[in-house]
Amino acid sequence: MKSLLTTLTILLCFTNHAISQNKSSIDKPNIVIFYVDDLGWQDSELNDLDEPTPWETPNMVALAKEGINFTNAYSPAPTCAPSRAAMLSGLHPTKTGVTHVSGGTAPKSTKRSKYLTPFYPIGLMPENFTIAEALKMNGYTTGHVGKWHVGALDIQKSTKQGFDFAYESRGAHQGPKREKNRVNNFATHDEGDRYRLSDEKYPPFTKESPNGISYPKDMVTEKALEFISTSKDEPFFLYLAHWLVHAPIHTKNKELLQYYSDKLGIEMPTKDIPIKTGGQTNPFYGSMVTTLDWSLGRIVDLLKTTDDPRHPGKKLIETTYIIFSSDNGGVEKANGDIVTDNFPLDQGKKYAQEGGIRVPMVIAGPQIPKGETKDVLINQLDFFPTVLNLTNSTVPEKYSSEFDGLDISGVLLDNDKEVADKNGNAREDLWWHFPHNTDSQMQSAIRHGDYKLYKNLIPGTYELYRLYKNGKREDLEEKFDIAKDNPKVVKDLAARLEKYLEEYNAQFPYKNPSKFKAEETASIPVIVNDTYDAESRKATITLEKGKSDVVEPYVLIRIANKSALKKKGKLKKHSTTFIKVPLEASKNNLEYTYTVPENIMEYGFVLIDENQFMVQSEFRRIN
């Protein structure tokens with residue numbers, strides 16, 4: 001949280017965003033971002049291509065009829081944490097540094113790779129400016145319900161990042177424990193059941209339940225409803241980040257599981273064994289998707305039936321913008337299950353291919369046309385600047401000038417055919433960078449018009465696919481690499497991508513000296529002296545002469561919650577994290593010194609040489 005003094009100071013340098021011509025006359029409209037975990041582009045009825053999905057999502061479809069369904073919408077990254085950090089801050093993952101989940105650890109490689117993952121932080125830090133802080137600064141009550149996952153330290157909590165209210169438990173998505181499993185852990189109507197089935201009935205309708213079925217009590221949904229009800233006297237911003245439909249793949253709704261088993265023509269599961277059938281045939285997952293849809297319906301229903309005290313004669317639905325999307329593409333396999341199938345899109349979560357980053361997106365609200373479908377290129381990085389415009393909010397220019405998304409209000413309200421920047425230049429491309437996991441997954445990518453170019457980071461080669469041709473589907477499956485036949489297109493898109501990577505100081509996979517032959521590592525930097533002086537707190541390493549040059553030196557220091565600093569022994573995962581501090585070399589580039597601050601528990605030097613080898617010193621625990 002920024003200090004009051006800082007806030008008052010930066011208020012003096014606010015900058016105004018351009019106001020859309022058809023801007024609603026609503027005074028400070030409410031904002032709801034309904035953010036889903038791992039919902040694929042083909043997991044709902046919104047973008048149903050080829051074989052229809054068996055999963056029923058009537059509330060998503062109904063929301064699309066009240067607004068715009070964007071068919072070319074993308075997440076900032078193919079995994080959870082980087083997308084959330086980017087969406088909340090308006091900054092590309094390469095700028096936040098959060099490029100994957102579970103960061104804040106010393107770089108390491110997998111058994112299957114000769115490369116080390118570059119260091120990346122675990123989440124947002126206090127210096128990051130979030131959409132919640134921006135709206136709170138402009139008179140909004142802010143609430144976060146559900147999954148945070150952009151930092152677990154006390155200084156990284158959602159309530160330190162602009163949210164007045166937070167509820168972050170899993171609700172009904174809490175997985176079964178001990179003797180319980182997913183075939184015997186169903187909710188009941190018993191009064192003592194924390195997931196007690198509702199008396200109210202909801203779709204789907206069956207022969208056995210023609211009036212609908214009951215749903216388990218879900219505190220994520222209930223707390224979101226509570227926040228809206230208690231915050232409606234002021235403009236509010238709700239960030240509802242569902243834990244659904246992330247693994248574990250299970251449901252507490254027995255009747256819904258039976259419904260999908262019947263619909264799929266399979267026996268109701270009686271043993272907790274993995275679902276191995278292909279395609280979209282996992283009844284547990286189908287139940288999760290429809291439960292998610294039910295939750296969305298509950299939120300929309302409350303908005304429809306609740307008077308807006310700030311705008312007499314109107315319901316909240318008339319004064320609220322709803323943004324619905326997912327943090328990344330669908331996960332096709334998890335814990336032995338075949339979860340879903342993103343076809344015709346290639347791959348899924350953790351891949352830069354279309355199945356990993358193309359996501360459902362619907363936006364509805366005041367003055368937005370109803371029932372439209374648009375194919376313009378949209379990214380969740382656009383949420384921040386767009387929400388500022390829709391709410392007539394202003395932020396300091398030092399923050400707005402850093403945004404990597406664009407204000408899409410013109411597309412939403414003025415029927416603009418393209419997304420344009422503040423100078424009127426039409427968006428030409430979107431890009432991604434994912435230097436993680438297996439060698440084949442370590443890729444950068446750029447979408448430009450009909451084309452999608454990939455840079456395979458390990459070999460440095462390019463692949464080119466034409467997703468569309470003159471607006472019509474061409475190779476959405478990304479089956480045909482046409483790079484060899486289109487050298488000019490490859491050259492142009494590669495130049496664009498390389499420019500982004502350079503300008504954003506993108507971090508790459510680095511060679512692990514222990515995985516290469518001795519003759520290949522003979523010239524890498526060698527640490528010949530590694531000392532720490534407890535009195536001065538100076539840490540120093542000295543390198544052997546005559547080795548390759550270091551092009552990037554830095555030190556990783558472990559920070560911790562105050563409570564963790566008082567404890568000895570094993571450091572808990574969620575109470576500490578490493579952060580990166582750049583270093584300057586001595587004049588001869590052979591000595592590196594760092595004065596370790598107080599309350600730092602551990603440190604280690606990291607050196608990147610001119611041949612992309614990463615050399616790490618011993619990590620030293622000092623507190």
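Since this is a predicted model, take the numbers as computed values, not measurements.
- A 4.5 Å side-chain heavy-atom check between I213 and P204 finds at least one atom pair inside the cut-off.
- Here D475 does not pair with R466 in a salt bridge; the nearest charged N to carboxylate O distance is not below 4.0 Å.
- Taking a cutoff of 4.0 Å between a charged side-chain nitrogen and a carboxylate oxygen, D492 and R496 qualify as a salt bridge.
- The structure places CG of L244 at 11.0 Å from CG of D293, a figure rounded to the nearest 0.5 Å.
- Between H250 and H173, the ring planes lie parallel to each other; the angle is under 30°, not in the 30° to 60° tilted range.
- No side-chain donor from either of D375 and N72 sits under 3.5 Å from a side-chain acceptor of the other.
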- Task: Evaluate the side chain to side chain donor-acceptor pair (under 3.5 Å) criterion for residues Q280 and E51: first the C-alpha distance (whole Å), next the side-chain angles of each, then the deciding distance (0.1 Å), finally the verdict.
- Result: CA-CA 10 Å; Q280 293 178 314; E51 293 186 18; over 6 Å; no
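- The one candidate from F384, F383, F129 that meets the ring pair (Phe, Tyr, Trp, His ring centres under 6.0 Å) condition with F403 is F384.
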- Task: Give the C-alpha distance, both sets of side-chain angles, the deciding distance and a yes or no for side chain to side chain contact (heavy atoms under 4.5 Å, CB included) between V387 and S393.
- Result: CA-CA 8 Å; V387 165; S393 295; over 6 Å; no
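- Atom CG of L493 and atom OH of Y451 lie 8.5 Å apart (nearest 0.5 Å).
- Although no hydrogens or angles enter the test, the distance criterion places no donor-acceptor pair under 3.5 Å between the side chain of N282 and the main chain of V339.
- The distance from the CG atom of D301 to the OH atom of Y202 is 7.5 Å, given to the nearest 0.5 Å.
- Side-chain N/O atoms of K374 and N415 include a donor and acceptor closer than 3.5 Å.
- Here the closest heavy-atom approach between residue I378 and residue L430 is recorded as O-CD1, 3.9 Å.
- For S89 (side chain) and N128 (main-chain N/O), no donor-acceptor pair under 3.5 Å exists by modelled atom type.
- Annotation: K201, atom NZ; neighbour count of heavy atoms from other residues, nucleotides and ligands within 6.0 Å is above 12.
- With hydrogens and angles ignored, the 3.5 Å screen pairs a side-chain donor or acceptor of K28 with a backbone N or O of N138.
- Just one residue in the list W432, W41, W431 forms a ring pair (Phe, Tyr, Trp, His ring centres under 6.0 Å) with Y74, and that residue is W432.
- Of the possible polar contacts, one joining the K263 side chain to the P54 backbone as a donor-acceptor pair under 3.5 Å is found.
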- Residues D50, R473; criterion salt bridge (Lys or Arg N to Asp or Glu O under 4.0 Å); working and verdict: CA-CA 12 Å; D50 303 334; R473 177 175 167 182; 3.1 Å; yes
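- The closest side-chain heavy-atom distance from Y465 to D346 is not below 4.5 Å.
- Looking at T53 and Q42, their side chains never come closer than 4.5 Å, going by heavy atoms from C-beta outward.
- Surrounding CD of E502 are at most 12 heavy atoms belonging to other residues, nucleotides or ligands under 6.0 Å away.
- In summary, the side chains of Y504 and D404 do present a donor paired with an acceptor at a separation below 3.5 Å, with no hydrogens or angles considered.
- Remark: N47 CG to E45 CD distance equals 11.5 Å, nearest 0.5 Å.
- Once rounded to the nearest 0.5 Å, the distance linking CG of N59 with CG of L292 reads 9.5 Å.
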- What's the verdict on side chain to side chain contact (heavy atoms under 4.5 Å, CB included) for I408 and I363, showing C-alpha distance, side-chain angles and the deciding distance? CA-CA 11 Å; I408 64 170; I363 304 179; 4.0 Å; yes
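- In this structure, CG in D38 is found 5.0 Å from NE2 in H246, a value given to the nearest 0.5 Å.
- There is a side-chain donor-acceptor pair under 3.5 Å between D407 and S409.
- Counting only distance, with no hydrogens or angles, the side chain of Q441 and the backbone of K350 share a donor-acceptor pair below 3.5 Å.
- R427 and D382 are joined by a salt bridge, as a carboxylate oxygen and a charged side-chain nitrogen come within less than 4.0 angstrom of each other.
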- Item | D218/H242 under side chain to side chain contact (heavy atoms under 4.5 Å, CB included): CA gap, chis, key distance, verdict | CA-CA 11 Å; D218 173 41; H242 246 290; 3.6 Å; yes
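- In the model, S158 has a side-chain atom that pairs as donor or acceptor with a side-chain atom of E168 under 3.5 Å.
- The two atoms that bring L467 and R358 nearest to each other are CD1-NH2, 4.1 Å, heavy atoms only.
- When side chains are defined from C-beta on, T206 does not count as touching D262, because their heavy atoms never get closer than 4.5 Å.
- Residue K349 comes nearest to G329 through the heavy atom pair CB-O, 3.7 Å, listed as atom of the first residue, atom of the second, then distance.
- The two residues K452 and I357 come nearest to each other via the heavy atoms NZ-CD1, 3.8 Å.
- Side-chain atoms of D421 come within 3.5 Å of backbone atoms of N425 as a donor-acceptor pair (strictly under, hydrogens ignored).
- Each of E463, Q443, E478 was scored for a side-chain hydrogen bond (donor to acceptor under 3.5 Å, both in side chains) with Y454, with one residue passing: E478.
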- Task: Please lay out, stage by stage, how Y259 and E56 fare under the test side chain to side chain donor-acceptor pair (under 3.5 Å).
- Result: CA-CA 11 Å; Y259 173 79; E56 297 174 17; 2.4 Å; yes
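- Remark: side-chain polar atoms of T320 are not paired, donor with acceptor, to backbone N or O of I317 under 3.5 angstrom.
- Nearest heavy-atom pair across V395 and S400 is CG2-CB, 3.8 Å.
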- Task: Show your reasoning for whether side chain to side chain contact (heavy atoms under 4.5 Å, CB included) applies to T291 and L256.
- Result: CA-CA 9 Å; T291 299; L256 189 54; 3.5 Å; yes
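- A donor-acceptor contact shorter than 3.5 Å links the side chain of D341 to the backbone of F343.
- Among all heavy-atom pairs drawn from V359 and Q380, the shortest one is CG2-NE2, 3.7 Å.
- Remark: the backbone N or O of Y399 is not paired with any side-chain donor or acceptor of E402 at under 3.5 angstrom.
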- Message: D308 vs T319, test: side chain to side chain donor-acceptor pair (under 3.5 Å). Steps then yes/no.
- Response: CA-CA 8 Å; D308 186 344; T319 61; 2.7 Å; yes
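- Panel note: side chain N486, backbone I482; a donor-acceptor pair is recorded below 3.5 Å.
- By the 4.5 Å heavy-atom criterion applied to side chains, L390 and L412 are counted as neighbours.
- A 4.5 Å side-chain heavy-atom check between V362 and L46 finds at least one atom pair inside the cut-off.
- Proximity of T290 to Y215: side-chain heavy atoms (C-beta onward) are separated by under 4.5 Å at one or more points.
- Screening F508, Y351, Y120 for a ring pair (Phe, Tyr, Trp, His ring centres under 6.0 Å) involving H436 leaves a single residue, Y120.
- For the pair L377/V419, no side-chain contact is recorded, criterion being any heavy-atom separation below 4.5 Å from C-beta on.
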